[in-house]
Number of protein chains: 2
Amino acid sequence: MGQGPTITTIAQRAGVSIASVSRVLNGLPTRQETERKVLAAAEELGYVRNAVARSLKSRRTHQVAFAMADVGNPAYLAMLREIQPVLKAAGYRLVLHSTDAVVADEIEVLHSLGERYVDGLIMVPLRVTEAHLAMLASARAPVVIIGSVPEGTPVDNVRADSRTGVRLALDHLHALGRRRIGLVNGPLDTVPGAARGAAYREALGALGLPYDEELVEIGDFYRAEGGRAVATLLDRVPDLDALMCANDLIALGALDVLRAAGRRVPRDVAVVGMDDTDLAAASWPSLSSVSLGSAERGRAAAELLLDRLRHGEREPRLVTVPPHLVVRASTGRAGAEEPRGDAP
Amino acid sequence: MGQGPTITTIAQRAGVSIASVSRVLNGLPTRQETERKVLAAAEELGYVRNAVARSLKSRRTHQVAFAMADVGNPAYLAMLREIQPVLKAAGYRLVLHSTDAVVADEIEVLHSLGERYVDGLIMVPLRVTEAHLAMLASARAPVVIIGSVPEGTPVDNVRADSRTGVRLALDHLHALGRRRIGLVNGPLDTVPGAARGAAYREALGALGLPYDEELVEIGDFYRAEGGRAVATLLDRVPDLDALMCANDLIALGALDVLRAAGRRVPRDVAVVGMDDTDLAAASWPSLSSVSLGSAERGRAAAELLLDRLRHGEREPRLVTVPPHLVVRASTGRAGAEEPRGDAP
DNA sequence: TTGTATGCGTTATCAC
DNA sequence: GTGATAACGCATACAA
């Protein structure tokens, strides 16, 4: 774990100048003999290029940051799984930032772009505040936002279409004959929370169903709190016959609570989740879920960023990924699920 | 997205030397007046310290790498979730490497330590080859290995105790009266595969049960292939009454296949997974699983690395995290699980 | 083709 | 306390 050889070390060993060493190492034209000596010396010394010095000179770090609220959330994880190989293939390392949904942390990540330790950033902000927009306007490196930013913001933008997504779910529930469809949402001041809340209201309207405040309950985006929200909702609206949950974790919480309350799924209450994570397929009953294309969004974001890094300035782009509904047992397609356990 | 101000820019603006700027920025003693001018100029210009130049000078990047086979694997994810905040709190960024279980990629990661873009590395190798050991012996930065390395390898080492873990599971199954206990394992040339295979054999011996080759089937560590392995095993050993699976994904595959085969879980076949991931709690029947302490191992690894980064050279340390068994419905504690769905 | 010298942005060591 | 100036390791314009 010593100091490690530099091009100076090699130059001495090979009896040439550091310039020649650098040239050989970069494949620039050199005499055979020089090349041989340099490569031999480099090999003997176990030379490895210093990425930091190289970055300082070249002004490129070959690193890209990915910032999201929480690595534990399967939706972000799905993005990460797509982003990582795309960047790796292009020769970029991935720096991971977990902001714990703290706005100040997100701002700090944007600010830190000024430190130039990455060439670009992919961010999934939970909220987009004025502070975000101000930082984005003066960002010191290319940024791709997964989420929605106002038109004119100078960043590439990848959006889900949760409006259509919620619509798909509600159409499905309506077609199954459900009329008292509750919404279990996350905080309304988050991007997904606001979008899903508005979409729910709109989709009800399109179906000719009344919007009833009582049917909406707000918690956060996690299983335990989601379950609590469902419990509250069940107390208030006993004749509920379906639940639209703002993500799969909330939906799992809903299954917990419905079971505890003796409500059968889907016979008494049909449940739809959102994000179509791995958990949806593993749960019982398996969970119908609206896929918002997390993986596709991740890939699109990575590709937009790489394009920007390769081609420099250009007009900001907007990519919208279409959603689709994955129907499983929790909305009760007959025969969709066989019994798997033999618990009483 | 322009060039961005440097200390030189600030020095000009404030009418002082770059040395003074640097001093102020680093909190070294300066005259009030100088400090004021410098800070004012820095503020106006929106100065942010260049991390690359700083790293070149200081020989510290404040970055740490975490390398594992696959971000999608919940066990690695559990480690990541613990490692990330520990590093963040200590002022380190996290660089993520996904090696797809390719040995050459792991070696490459070790090699790349020579580039000095990180101060240290936490790695979860799937196999530990001679090449690994050679690279570890000459690693250019502190390394913590999660897994097992031979004594004398100059790295900190965090181990799970899968031997005890498998023993816990088999004791449990034995206590439930199961005697034909199959093993569904991953490749034997991987660290976990080899360890779990040996532990299974040993635990059977301790219970006075014969080791029967027919009861062992090898696949990989994923759900689909795990299911296929189980199918093969069921064909070969129809009177099987329990399955020890080398991880939760395999166990989920087992549940799939058992259901399709009309075997009830746990009545006909009890199933135990390993790693105790989120999926275990979400599945149906919920999955009994041996926790090997992924989260604890992640945290221990991060803390070992930080300690090493802070205190420099010292004797390599070994930390072993004890396992525990989480009993759920798939091993049929009566009443452990209520019916949650109403599928036929 | 090769070597010398300069700069990338900081920090740190000197004299003053 | 402050200002020149020298590294850190590499790439490159320019001179030889």
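Lettering of chains follows the sequences in order, A, B, ..., and the numbering in each one begins at 1.
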query: Looking for any heavy atom pair under 4.0 Å, which part of the strands does A:Ser20 touch: base, sugar-phosphate only, or nothing?
result: sugar-phosphate

Short side-chain N/O contact from A:Ser22 to OP1 or OP2 of D:dA11, under 4.0 Å: yes

task: Send over the distance from A:Ile18 CD1 to C:dT1 P, rounded to a whole Å.
output: 20 Å

message: Can you tell me how the ring of B:His97 sits relative to the ring of B:Tyr117, calling it parallel under 30°, perpendicular over 60° and tilted otherwise?
response: perpendicular

- prompt: For the base of D:dG9, is there a side-chain donor-acceptor partner from B:Arg116 under 3.5 Å away?
  reply: no

- request: Would you kindly give the CD1-to-C1' distance between B:Ile7 and C:dT10, to the nearest whole Å?
  value: 5 Å

message: Counting only side-chain heavy atoms from C-beta out, which of D:dG3, D:dC10, C:dT2 sits nearest to A:Asn50?
response: D:dC10

- prompt: Is any side-chain N or O of B:Tyr47 closer than 4.0 Å to OP1 or OP2 of C:dT10?
  reply: yes

task: Assign B:Val16 to base, sugar-phosphate, or nothing according to its heavy-atom contacts below 4.0 angstrom with the strands shown.
output: sugar-phosphate

- prompt: In terms of the nearest nucleotide of DNA chain D, which residue is placed more toward the 5' end: B:Ala19 or A:Thr8?
  reply: B:Ala19

field: Under-3.5 Å donor-acceptor pair between A:Arg23 side chain and C:dG3 base
entry: yes

- prompt: Less than 4.0 Å between a side-chain N and a carboxylate O, is that true for B:Asp119 and B:Arg93?
  reply: no

field: Euclidean distance, atom CD of residue A:Glu35 to atom C1' of C:dT2 [Å, nearest integer]
entry: 14 Å

message: Closest approach to the side chain of A:Arg31, judged atom by atom: which nucleotide of C:dT2, C:dT11, C:dG3 is it?
response: C:dT2

- request: Please state whether the base of C:dT11 and the side chain of B:Lys57 form at least one donor-acceptor pair under 3.5 Å?
  value: yes

Whole angstrom value for the distance that separates C1' of D:dC10 from CD of B:Glu115: 13 Å

task: Would you classify B:Thr30 as touching base, sugar-phosphate or nothing, given that sugar-phosphate means primed atoms plus P, OP1 and OP2, and contacts are heavy atoms under 4.0 Å?
output: sugar-phosphate

message: Using side-chain heavy atoms (C-beta onward) and a distance below 4.5 Å, is B:Asp70 in contact with B:Asp100?
response: no

message: Can you see if the side chain of A:Arg59 gets near the phosphate of C:dG9 - specifically, an N or O under 4.0 Å from OP1 or OP2?
response: yes

field: Gap between atoms CG and C1', on B:Leu28 and C:dA12 respectively (whole Å)
entry: 10 Å

task: Give a yes or no answer on whether the side chain of A:Ser22 reaches the backbone of A:Ile18 with a donor-acceptor pair at less than 3.5 Å.
output: no

- request: Mark yes or no for whether A:His111, through its side chain, and A:Ile107, through its backbone, hold a donor-acceptor pair below 3.5 Å.
  value: no

- prompt: Do NZ/NE/NH1/NH2 and the carboxylate oxygens of B:Asp307 and B:Arg317 come within less than 4.0 Å?
  reply: yes

message: Is it the case that the side chains of B:Tyr92 and B:Arg60 hold a donor-acceptor pair, with the cut-off being a distance below 3.5 Å and no angle test?
response: yes

- request: Return no unless some side-chain N or O of A:Arg49 is found under 4.0 Å from OP1 or OP2 of D:dC10.
  value: no

field: A:Arg36 CZ - C:dT1 P separation (whole Å)
entry: 17 Å

query: For DNA chain C, what string of dots and brackets results from 5' to 3' when Watson-Crick and G-U pairs need both distances under 3.5 Å, crossing pairs get [ ], and pairs with another strand get |?
result: ||||||||||||||||

message: Nearest whole Å is fine: how far is C:dA12 P from B:Leu25 CG?
response: 13 Å

message: Quick check: closest heavy atoms across A:Pro316 and A:Pro154, and the distance to 0.1 Å?
response: CG-CA, 4.0 Å

- prompt: Taking CD1 from A:Ile10 and P from D:dA11, how many angstroms apart are they, rounded to a whole number?
  reply: 11 Å

Comparing B:Asn26 and A:Pro29 on DNA chain C - which has the more 5′ nearest nucleotide: A:Pro29

- request: Could you tell me whether the phosphate oxygens of C:dG3, OP1 or OP2, come under 4.0 Å of any side-chain nitrogen or oxygen in A:Ser17?
  value: yes

